Amino acid sequence: MEHGRTPTVPAASAATVAGVAERARPGIADRALETLARSWRPLALLVACFAVWWVVSAARLVEPYLVPSPGSTLQVMRDKAGYIWHHGWVTTYETLLGFAIAVAVGVLAAVIMVYSSTVEKTLYPVLLFAQVVPKIAIAPLFIVWLGFGIAPKIVVAVLIAFFPVVISMVTGLKSVDPEMVQLSATMGAGPLQTFVKIRFPASLPHLFSGLKVAVTLAVTGAVVGEFVGANEGLGFVILQANGNLDTPMLFAGLIVMSLIGVVLFLLVEIAEKLLLPWHASRRGDAVTTTY
Amino acid sequence: MTEEVEQTVALAEGGGDAAAVDVDDVAVRFRTRKKDVLALRQISLSVATGEFVAIVGPSGCGKSTLLKLVAGLLKPSSGAVRLHGDAVTGPRRDIGYVFQRAALLEWRSARRNILLQAEMRHMPGAAARKRADELIDMTGLRGFEDAYPHELSGGMQQRVALCRALLHRPPVLLMDEPFGALDALTREQMNIELNRIWRETGTTVLLVTHSIAEAVYLANRVVVMSARPGTVTEIIDVALPAERDYAETMGLEEFSSATTRIRRLLGAAPGAE
Ligand SMILES: Nc1ncnc2c1ncn2[C@@H]1O[C@H](COP(=O)(O)OP(=O)(O)OP(=O)(O)O)[C@@H](O)[C@H]1O
Ligand SMILES: [Mg+2]
């Protein structure tokens, strides 16, 4: 570099070792710009979808009672905001509770299965059976057993979200480098210490890919639970709207439901980025760049 | 501060006059689904306390296997392994182990990888951190303490692994090609450091290496192994003083005679490295 040119790093944190300098934290404006630069494509696609929808309904290509216009859908969402908000919250609540239980039980089951092959051999077929049986088919049973309240919805959400959690956690715990475990043994660590400091953190990237699948499935589970018998929640809203041929309300329900799923997915992704910064950067999601 | 750590060394050394490491007619057979591999056969080796022994041999001859055997990470198919006189039946904690691959935890910074040793052993925090700082300076990792393994070069990762193995001042140090990924110059520096550490701590060292010069410069004795199934072809005594100047040593008659002998045994041309 020519002398006389100011380096791009602040003087206060001048190089500590040859060629290495601390970087200043980017400002809020910079970060907002970066986020926008990263996310304009999906946003543009979303806008394009709305545009197509608008054209289809404005040109009367299909009857409004089959596909409502974006305008009337948004109108409903504004007019009945309180109603949608209430039922949306019920579904969110059921989803979150179901997801949390699925994660807790799933992780625990995975840990036990990894440490005991007897348990694994016994439990795996049961798990598989629970996974392949269609939840929609057994949901009515839970209504009979547990009533119209929130319980059957949560059970369906748990059942549907449980499987990806267990599978990903088992894979994660099993894919730990055996040399890491040997290393731990040379340090005199017991099984608990090895689990806490090595096995568990090493399995988190796998677990998180399972959590992302599970959280979206949990929304489906809650709504399926509501379909078979409920007087609250988005599933109930959609069924009612369907019965009344109120397609704007039906679409509004669908949109809110998708939003819940997307937001929950993004939350899991943010949690992953915060908890596993090392993994995100290894995968190559930004962070390290050359310039 | 460091008394607790030093104690382990003293304790181990006080364990009578038994050899630090004693491998007695050991064979190791790996059984996988498809084949049986006889990795080691009729290996016998005795290493005195405070001795530095280097192991050389062709790739796949069982050097790593031998080291893991001593650490208790593998069970011999026959024969016995003793550390300070008592039989090795399971993983031993009175050692420091440098794995062939650095084996760093990806989610920990360099410093926290080094301190894992202290955490697992419940060493007093302040003393461990001070020791880690010393080692970081010594291995030239200063400035990269907070970098994650994926942000380090292969050689830096190996140096982190070396620091981790030295943190608790182990009475026996087992090193599996610790400098394999280093450039020639850094490797020389690390060799000089290792020679100094060995002289100062009186640690017993078993070092696997592919560099004949490194083996001769560092060791009291060099174990030359044959191709698989690995066994000891010959043990070469290196008649050099403990304190060795690097450049000077390279020019000594003893040095070149030892390297030439090892090269012959390994079946390489006399001039080749
Ligand atoms: N876990 C294992 N399962 C099956 N075979 C193994 C296992 N570990 C080692 N071996 C076999 O044992 C032999 C010796 O392996 P080892 O890793 O000890 O070689 P090495 O001398 O360290 O080689 P290198 O110099 O390439 O590191 C090899 O043939 C290898 O295939
Ligand atoms: Mg090896």
Side-chain angles (χ1 to χ4, degrees), chain A residues 9 13-23 25 172-173 175-208 271-291, chain B residues 8 64 67-68 70-74 83 88 90-110 112-123 136-137 140-152 156 161 164-165 167-168 170 172-174 176:
Chain A
V9 281
S13 56
T16 44
V17 198
V20 182
E22 299 296 322
R23 274 184 64 203
R25 284 178 64 79
L173 288 171
S175 58
V176 178
D177 183 354
E179 264 185 8
M180 292 295 185
V181 180
Q182 294 187 334
L183 171 78
S184 177
T186 68
M187 295 177 168
L192 184 66
Q193 258 186 320
T194 306
F195 178 78
V196 171
K197 298 219 186 240
I198 294 177
R199 273 185 180 272
F200 184 72
S203 67
L204 284 179
H206 282 98
L207 176 64
F208 264 96
E272 183 188 29
K273 283 230 170 80
L274 290 178
L275 287 171
L276 319 176
W278 50 277
H279 185 245
S281 47
R282 194 192 56 182
R283 264 184 345 215
D285 301 5
V287 185
T288 316
T289 53
T290 56
Y291 67 100
Chain B
T8 38
S64 301
L67 235 50
K68 287 194 173 166
V70 173
L73 297 173
L74 283 177
L83 217 60
V88 174
R92 294 289 293 240
R93 53 169 295 172
D94 51 351
I95 55 161
Y97 201 112
V98 183
F99 285 87
Q100 187 165 1
R101 289 173 293 146
L104 301 179
L105 304 181
E106 297 170 274
W107 55 92
R108 282 176 171 246
S109 64
R112 301 229 312 124
N113 258 295
I114 297 171
L115 287 172
L116 180 73
Q117 185 79 259
E119 288 172 31
M120 293 296 206
R121 290 171 187 273
H122 307 290
M123 282 161 66
I136 285 168
D137 280 329
L141 285 169
R142 181 63 63 199
F144 290 91
E145 309 96 301
D146 300 322
Y148 286 105
H150 69 264
E151 298 165 332
L152 297 172
M156 289 160 111
R164 182 177 61 194
L167 189 82
H168 56 300
V172 175
L173 189 54
L174 305 172
D176 199 346

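Below, chains carry the letters A, B, ... as their sequence lines are ordered, and counting in each starts from 1. If you're wondering where the values come from, they're calculated on a predicted model, not measured in any experiment.
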**Prompt:** Of the non-hydrogen atoms in A:Glu179 and B:Phe99, which two are nearest, and what is the gap between them?
**Reply:** CD-CD2, 3.5 Å
**Prompt:** Looking only at heavy atoms, which two atoms of A:Pro277 and B:Tyr148 are closest? And how far apart?
**Reply:**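 Answer, listing the atom of A:Pro277 first, then B:Tyr148: CG-OH, 4.3 Å.
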**Message:** Within the structure provided, determine whether B:Arg121 and A:Gln193 are in side-chain contact (heavy-atom separation under 4.5 Å).
**Reply:** no
**Asked** Based on non-hydrogen pairs under 4.5 Å, which of B:Gln117, B:Arg108, B:His122, B:Arg92 is most in contact with chain A?
**Response** B:Gln117
**Request:** Under 4.5 Å heavy-atom distance to chain B, tell me which part of A:Leu204 shows up: side chain, backbone, both or neither.
**Result:**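 No part of A:Leu204 comes within 4.5 Å of chain B.
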Check: residues 181-188 of chain A side-chain donor-acceptor pairs under 3.5 Å, at least two apart:
{"from": "A:Gln182", "atom 1": "OE1", "to": "B:Lys68", "atom 2": "NZ", "distance (Å)": "3.1"}
{"from": "A:Ser184", "atom 1": "OG", "to": "A:Thr194", "atom 2": "OG1", "distance (Å)": "2.8"}
{"from": "A:Thr186", "atom 1": "OG1", "to": "A:Leu183", "atom 2": "O", "distance (Å)": "2.7"}

**Request:** Select one option (side chain, backbone, both, neither) describing which atoms of B:Leu104 are under 4.5 Å from chain A's heavy atoms.
**Result:** backbone
**Asked** To the nearest 0.5 Å, what is the distance between CE (A:Met180) and CD (B:Glu106)?
**Response** 7.0 Å
**Request:** Take A:Asp177 and B:Arg101 through the side chain to side chain contact (heavy atoms under 4.5 Å, CB included) test and state the conclusion after the steps.
**Result:** CA-CA 11 Å; A:Asp177 183 354; B:Arg101 289 173 293 146; 3.8 Å; yes
